[in-house]
There are 2 protein chains.
Amino acid sequence: MTRVLVIDDEPSILRALRINLSARQYEVSTAADGTSGLAAVARERPDVLILDLGLPDMEGTEVISGVRGWTSIPIIVLSVWGQESMKVAALDAGADDYVTKPFGMDELLARLRAAVRRSAPAPDEPVVNTGHFTVDLAAKRVTRPDQADVRLTPTEWQILEILVRNRGRLVTQRQLLQEVWGPAYETESNYLRVYLAQLRRKLEPEPSQPRYLLTEPGRGYRFQA
Amino acid sequence: MTRVLVIDDEPSILRALRINLSARQYEVSTAADGTSGLAAVARERPDVLILDLGLPDMEGTEVISGVRGWTSIPIIVLSVWGQESMKVAALDAGADDYVTKPFGMDELLARLRAAVRRSAPAPDEPVVNTGHFTVDLAAKRVTRPDQADVRLTPTEWQILEILVRNRGRLVTQRQLLQEVWGPAYETESNYLRVYLAQLRRKLEPEPSQPRYLLTEPGRGYRFQA
DNA sequence: CGGCGGCGTTAAGGCCTCATCAAGATCATT
DNA sequence: AATGATCTTGATGAGGCCTTAACGCCGCCG
């Protein structure tokens, strides 16, 4: 079942969407302002977000940036007719699609289907299982076979995420340093050694003889699934 | 440079798009009907397709299906206002986005950027197989037929990468030395002998009689696949 | 026939990189 | 302001890679 979160401050629209989407087997939740909307995205992890730009407490682009900061779920934006500059700003901020109010329910549903379809193949394997641990790229979580969560610090997760997204491929030290710490740290390969050691201690069955987080001396690191 | 193909039968729109897109550093090509449009997609492999639904010879959805049959490039659809059912059909047929005529150029450009951004991650580098080993340039990895990794040092890989990228062609000693060690080492052909010997030992079935890493006496080396 | 230059092979030493540990600095939270 | 977690930084030993040199082989040419 596809989960849809609607962020809109007009009760009539919320009700209409809730009825129509529920009837089509979507699982609908709602929020009435940007603050609670952002919280709801983080809490409920919906599959699609429908966002009204005219919220009482925040700019629409702020909400979009807030969501895009950590996830790439499709965002469909709603706004009143004629505000083309807002459309542009919203799309550039990272929205995926745009519907003008008043809108036909058929069009919204079609765009919803298209958005879900597009996002489906993008994270083409959001969960990677190694036998000793499971990495869920969408949920940003690592779990052991006994369902226990592995606690990772933000930096640890960033490194692991890059390696897992490039699983099988060699990732150079420069690439890792650049993506995690920024271009100025390209030579600080010391950082990588420290963090790879920590990741191995938390993930590898035998940290001193890594099976998954492999070092390619002088070249970089590789995640082997 | 991003290549855009526009399929539209109205000369004025074609001209407007060509001018505006070219000015923004897009590479623009055009087609005036569905048949030639499909041919152009296959021939030119554009990065994005802008498609008018009101073509003289084919239904818009037919064109979309024809493209979607073999590629997943982003498709942005144009249509006149009010034809909501066509929008719906186009999105369901596999279009990625939709713009209503008359449209503002800013909006179209924003949607274009969004479409390109969504489809961005698709750089595929070649994999070269010799029968005795496989070189994966993207993963920076060499494997044997039994899936075993071949461990290469950074310098070994650099040399192999240059030779494989120029497979079939002669690579001069000077070129290799310059690219791996820098211009100051142009005469140190000794290095090459040492490293070619190591590569052959690791890769060739019969290191003393190379089949893949061939020496062209006095000139350089060549990778034969 | 003998010298010469280019190539392949091998081995040893120096140096660089990696893994690991630990302590100080910084950040977030209360 | 204090506490705990996280990040940064430095030091150390071990291992591997790069460099360098030596030697034998082969073909070419005087």
Side-chain angles (χ1 to χ4, degrees), chain A residues 42 70 140 142 149-163 170-182 184-223, chain B residues 140 142 149-163 170-174 176-182 184-222:
Chain A
W70 57 276
K140 294 191 187 302
V142 182
D149 267 38
V150 180
R151 249 188 93 73
L152 295 185
T153 72
T155 308
E156 286 164 9
W157 170 260
Q158 271 193 79
I159 292 173
L160 181 65
E161 179 173 3
I162 294 172
L163 290 175
L170 177 76
V171 182
T172 64
Q173 302 192 8
R174 168 166 305 169
Q175 186 183 342
L176 279 169
L177 288 164
Q178 211 171 64
E179 292 198 34
V180 177
W181 283 275
Y185 292 75
E186 267 185 8
T187 59
E188 300 286 342
S189 53
N190 223 348
Y191 292 8
L192 293 179
R193 288 197 276 282
V194 173
Y195 276 97
L196 263 294
Q198 285 177 2
L199 281 171
R200 284 173 180 148
R201 214 175 17 248
K202 292 184 177 182
L203 300 177
E204 292 277 359
E206 195 71 46
S208 57
Q209 296 184 2
R211 293 177 49 180
Y212 306 113
L213 299 165
L214 307 180
T215 300
E216 304 251 341
R219 303 171 66 205
Y221 295 88
R222 162 165 40 221
F223 179 82
Chain B
K140 297 190 196 302
V142 182
D149 268 38
V150 180
R151 264 185 74 77
L152 295 185
T153 72
T155 309
E156 286 163 9
W157 171 260
Q158 273 192 76
I159 292 173
L160 181 65
E161 179 172 4
I162 295 171
L163 290 176
L170 174 75
V171 182
T172 65
Q173 301 192 5
R174 169 166 304 169
L176 279 169
L177 288 164
Q178 210 172 68
E179 291 198 37
V180 177
W181 282 273
Y185 293 75
E186 267 185 8
T187 59
E188 300 285 343
S189 55
N190 213 357
Y191 292 5
L192 292 180
R193 287 198 280 282
V194 172
Y195 276 97
L196 263 294
Q198 285 179 2
L199 280 171
R200 283 172 180 149
R201 190 146 16 97
K202 291 184 177 181
L203 299 177
E204 292 277 359
E206 197 70 47
S208 57
Q209 295 183 4
R211 293 177 51 180
Y212 307 113
L213 299 165
L214 308 180
T215 301
E216 306 250 340
R219 301 198 287 151
Y221 296 88
R222 183 155 51 93

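Note: hydrogens, waters and symmetry copies are ignored here, and every other heavy atom, side chains too, is used. These numbers come from a predicted model, not from an experiment. Just so we're on the same page: letters track the sequence lines, and every chain starts at 1.
- Checking D/dC18, C/dC18, C/dA19 against the side-chain heavy atoms of A/R200 singles out C/dA19 as nearest.
- Among D/dC17, D/dT6, D/dC7, the nucleotide with an atom closest to any side-chain atom of A/R151 is D/dT6.
- Residue contacts for B/Y185: at a heavy-atom cut-off of 4.0 Å it reaches no nucleic acid atom on any strand shown.
- To the nearest 0.5 Å, atom CD of residue B/Q173 and atom CD of residue B/E186 are 11.0 Å apart.
- Of the candidate nucleotides D/dC17, C/dT20, D/dT8, D/dT8 has the atom lying nearest to any side-chain atom of A/W181.
- Nearest to the side chain of A/T153, among D/dC7, C/dA19, C/dG8, sits D/dC7.
- Atoms CD (B/E204) and P (C/dT9) sit 10 Å apart, rounded to a whole Å.
- Within the nucleic acid shown, A/Q173 comes within 4.0 Å of sugar-phosphate atoms alone, with no base atom in reach, counting heavy atoms only.
- For B/R201, whose side chain is taken as the heavy atoms from C-beta onward, the closest listed nucleotide among C/dG8, C/dC18, C/dT10 is C/dT10.
- Residue contacts shown for B/T215 are limited to sugar-phosphate atoms, with no base heavy atom under 4.0 Å away.
- Here the side chain of A/V194 is nearest to one of D/dT6, C/dG8, D/dG10, namely D/dG10.
- Summarising the geometry, atom CZ belonging to B/R200 is positioned 3.5 Å from atom OG1 belonging to B/T215; distances are rounded to the nearest 0.5 Å.
- Within 4.0 Å (heavy atoms only), A/R219 reaches no atom of the nucleic acid at all.
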